[in-house]
Chemist: 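Could you have a look at this structure, given as structure tokens, before my questions?
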Amino acid sequence: MAVCTVYTAHSLNSTCSISTPTKTHLGFNQKHVVLYSTNKKTARRASSAVITCSTDTQTVVIGLAADSGCGKSTFMRRLTSVFGGAAEPPRGGNPDSNTLISDTTTVICLDDYHSLDRTGRKEKGVTALDPRANDFDLMYEQVKAIKDGVAVEKPIYNHVTGLLDPPELIKPPKILVIEGLHPMYDQRVRDLLDFSIYLDISNEVKFAWKIQRDMAERGHSLESIKASIEARKPDFDAYIDPQKQYADAVIEVLPTQLIPDDNEGKVLRVKLIMKEGVKFFSPVYLFDEGSSISWIPCGRKLTCSYPGIKFSYGPDAYYGHEVSVLEMDGQFDRLDELIYVESHLSNISTKFYGEVTQQMLKHADFPGSNNGTGLFQTIVGLKIRDLFEQIVASRAKTPLEATKA
Ligand SMILES: Nc1ncnc2c1ncn2[C@@H]1O[C@H](COP(=O)(O)OP(=O)(O)OP(=O)(O)O)[C@@H](O)[C@H]1O
Ligand SMILES: O=C(CO)[C@H](O)[C@H](O)COP(=O)(O)O
């Protein structure tokens, strides 16, 4: 039997249909359709085949980058809640799995691509932030496979034992979120992302959060927390922080400017930096798109105790990109009054009036619910839902065509 023509497509799956002028035998794999025939004449005619694949079943891939302890899990809980349904570890799987699965989304933690376990890193004298401790080839291959509709056996990094556990099966979801230290580090992985977010927590705030969690919940000493932050800092600066230049949205968390010389780190100034010109994403704005605005909403409709609340909005530049920046400094006294602020924001991709406020009230017990971290994480969650719906709608309209190899 003579192989006559090989066709390649971005992804071939069960939705592909093949039309040929003659009856030929078809062989499929993930990338190629092979047309072959016993007869040379038929084979030649078969080479005019058209292969069309519907791509509306393809997985949308979102990247979320941040250092450890910077609110990725909290953000993920807010995001999956926007899509409805609870996110849970794979049923019957490894109890130390880092994966969370809900009806629409699967969140995988990129720590699972550590190529060196805890002992290996110690022996080699590298941190988990160092690219040499991570397998980017495998990360790329597996994220690409999932995006193309193919299930993978993903490794598990066990944070309890510090070892690499046997892999777990990850089936392609509607939305795959890859969260961790390096979702935008490797260009091949970065190119697979439909949208990317960077949580940029300033050193002062990171320190305050770490103390709160690692001292209260994990029994670490103040000295050991300080030492761990200091030990990670050079690699954080070299490998993690630079990824923010590639992010479509950055949530930057800074100490307040409303309290002079504040060093408590309880009141926060939070910026939502949104890149202009990103497909399927239109930045949120306050009052008037493109204007520069400063707004103190405290008064008759919003209760504010000291130090109050201040919003700002306007265009800016970020790593050479045009961006819109929405900023909130201060914290809410009464979360139900957030509706007043919500009603002055536009392009927030809600499905009904008050959806942001409803989401915030639903998760009032999550860290950051009374300030800009919770508000902007919720809004980014709604924007991702909107982006997903737009991508699906556009794919349904434009089926992908295969090309001759
Ligand atoms: N918006 C916030 N406001 C105040 N504290 C916060 C906020 N987000 C997170 N924290 C603090 O940081 C801790 C870590 O948050 P979270 O578990 O969401 O981070 P993470 O990036 O997933 O951490 P890790 O990667 O180490 O698992 C929380 O327990 C909380 O103490
Ligand atoms: O940065 C980290 C997670 O984002 C961790 O430090 C890294 O994954 C190593 O984990 P462990 O300390 O449990 O060995």
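Order of listing sets the numbers, starting from 1, for every ligand and every atom in it.
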Chemist: May I ask you to list the atoms of ligand 2 that are less than 4.0 angstrom from any heavy atom of Ala128?
Modeler: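 Near Ala128, the atoms of ligand 2 are 7 (C), 9 (C).
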Chemist: List every atom of ligand 2 that sits less than 4.0 Å from any heavy atom of Leu181, numbering the atoms from 1 in the order shown and giving each element.
Modeler: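 Near Leu181, the atoms of ligand 2 are 1 (O), 4 (O).
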Chemist: Just wondering, are more than 12 heavy atoms of other shown residues or ligands nearer than 6.0 Å to CD in Glu322?
Modeler: no
Chemist: Could you point out which residue of Asp112, Ile108, Val152 forms a side-chain contact (heavy atoms from CB on, under 4.5 Å) with Gln142?
Modeler: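 Only one option passes, and that is Val152.
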Chemist: Is it true that a side-chain atom of Gln243 and a backbone atom of Met184 form a donor plus acceptor pair closer than 3.5 Å?
Modeler: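 Pair found, side chain donor or acceptor close to backbone of Met184.
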Chemist: Does any N or O atom in His114 lie less than 3.5 angstrom from one in ligand 2, N or O only?
Modeler: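 There is such a contact, yes.
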Chemist: So is Ser68 polar-close to ligand 2, meaning N/O to N/O under 3.5 Å?
Modeler: no
Chemist: Under 6.0 Å from the ring centre and within 45 degrees of the ring axis: does the NZ or CZ of Lys206 meet both conditions for the six-membered ring of Phe236?
Modeler: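 Lys206 over Phe236 ring: yes.
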Chemist: Determine whether Arg121 and Asp130 satisfy the following criterion, salt bridge (charged side-chain N to carboxylate O under 4.0 Å, His left out), listing intermediate values before the conclusion.
Modeler: CA-CA 10 Å; Arg121 291 194 300 270; Asp130 191 314; over 6 Å; no
Chemist: When you look for heavy atoms under 4.0 Å from ligand 2, do you find them on the side chain of Lys122, its backbone, both, or neither?
Modeler: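 The answer is neither; Lys122 stays 4.0 Å or more away.
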Chemist: Any donor and acceptor pair, going by atom type alone, linking the side chain of Gln331 with main-chain N or O of Val267 inside 3.5 Å?
Modeler: no
Chemist: Check step by step if side chain to side chain contact (heavy atoms under 4.5 Å, CB included) holds for Leu382 and Asp386.
Modeler: CA-CA 6 Å; Leu382 294 168; Asp386 186 47; over 6 Å; no
Chemist: Considering only the protein, which heavy-atom contact is closest to atom 14 (O) of ligand 2, and what is its distance?
Modeler: Tyr157 OH, 2.5 Å
Chemist: Against the six-membered ring of Phe366, is Arg78 placed for a cation-pi contact (under 6.0 Å from the centre, within 45° of the normal)?
Modeler: no
Chemist: Test His182 against every option in Tyr246, Phe136, Tyr140 by the ring-ring contact (aromatic ring centres under 6.0 Å, His included) rule and name the one that passes.
Modeler: Phe136
Chemist: Students should be able to answer this: which protein heavy-atom is nearest to atom 6 (O) of ligand 2, and at what distance?
Modeler: Arg232 NH1, 3.0 Å
Chemist: For the residue pair Trp295 and His344, does the interplanar ring angle fall in the parallel (under 30°), tilted (30 to 60°) or perpendicular (over 60°) class?
Modeler: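 Because their plane-to-plane angle lies in the 30° to 60° range, the rings of Trp295 and His344 count as tilted.
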Chemist: Polar-atom distance check: His159 versus ligand 2, any N or O pair below 3.5 Å?
Modeler: yes
Chemist: Against heavy atoms of Asp111, which atoms of ligand 2 measure under 4.0 Å?
Modeler: 3 (C), 4 (O), 8 (O)
Chemist: Among all the protein's non-hydrogen atoms, which is closest to atom 9 (C) of ligand 2, and how far away is it?
Modeler: Arg121 NH2, 3.3 Å
Chemist: Within the protein, flag every N or O under 3.5 Å from an N or O of ligand 1, and note the pair and distance.
Modeler:
{"residue": "ligand 1", "atom": "1 (N)", "partner": "Thr373", "partner atom": "OG1", "Å": "2.8"}
{"residue": "ligand 1", "atom": "5 (N)", "partner": "Trp209", "partner atom": "NE1", "Å": "3.3"}
{"residue": "ligand 1", "atom": "18 (O)", "partner": "Ser73", "partner atom": "N", "Å": "3.4"}
{"residue": "ligand 1", "atom": "18 (O)", "partner": "Thr74", "partner atom": "N", "Å": "3.0"}
{"residue": "ligand 1", "atom": "18 (O)", "partner": "Thr74", "partner atom": "OG1", "Å": "2.6"}
{"residue": "ligand 1", "atom": "19 (O)", "partner": "Gly71", "partner atom": "N", "Å": "2.9"}
{"residue": "ligand 1", "atom": "21 (O)", "partner": "Gly69", "partner atom": "N", "Å": "3.3"}
{"residue": "ligand 1", "atom": "21 (O)", "partner": "Cys70", "partner atom": "N", "Å": "3.1"}
{"residue": "ligand 1", "atom": "21 (O)", "partner": "Gly71", "partner atom": "N", "Å": "3.2"}
{"residue": "ligand 1", "atom": "21 (O)", "partner": "Lys72", "partner atom": "N", "Å": "3.0"}
{"residue": "ligand 1", "atom": "21 (O)", "partner": "Lys72", "partner atom": "NZ", "Å": "3.2"}
{"residue": "ligand 1", "atom": "22 (O)", "partner": "Ser73", "partner atom": "N", "Å": "2.8"}
{"residue": "ligand 1", "atom": "22 (O)", "partner": "Ser73", "partner atom": "OG", "Å": "2.4"}
{"residue": "ligand 1", "atom": "23 (O)", "partner": "Gly69", "partner atom": "N", "Å": "2.9"}
{"residue": "ligand 1", "atom": "23 (O)", "partner": "Arg213", "partner atom": "NH1", "Å": "3.4"}
{"residue": "ligand 1", "atom": "25 (O)", "partner": "Lys72", "partner atom": "NZ", "Å": "3.1"}
{"residue": "ligand 1", "atom": "26 (O)", "partner": "Ser68", "partner atom": "OG", "Å": "3.0"}
{"residue": "ligand 1", "atom": "26 (O)", "partner": "Gly69", "partner atom": "N", "Å": "3.0"}
{"residue": "ligand 1", "atom": "26 (O)", "partner": "Arg213", "partner atom": "NH1", "Å": "3.2"}
{"residue": "ligand 1", "atom": "26 (O)", "partner": "Arg213", "partner atom": "NH2", "Å": "3.0"}
{"residue": "ligand 1", "atom": "31 (O)", "partner": "Gln212", "partner atom": "NE2", "Å": "3.3"}

Chemist: Please list, chain by chain and in numerical order, all residues satisfying side-chain contact (heavy atoms from CB on, under 4.5 Å) with Thr119, sequence neighbours excluded.
Modeler: Asp117, Glu123
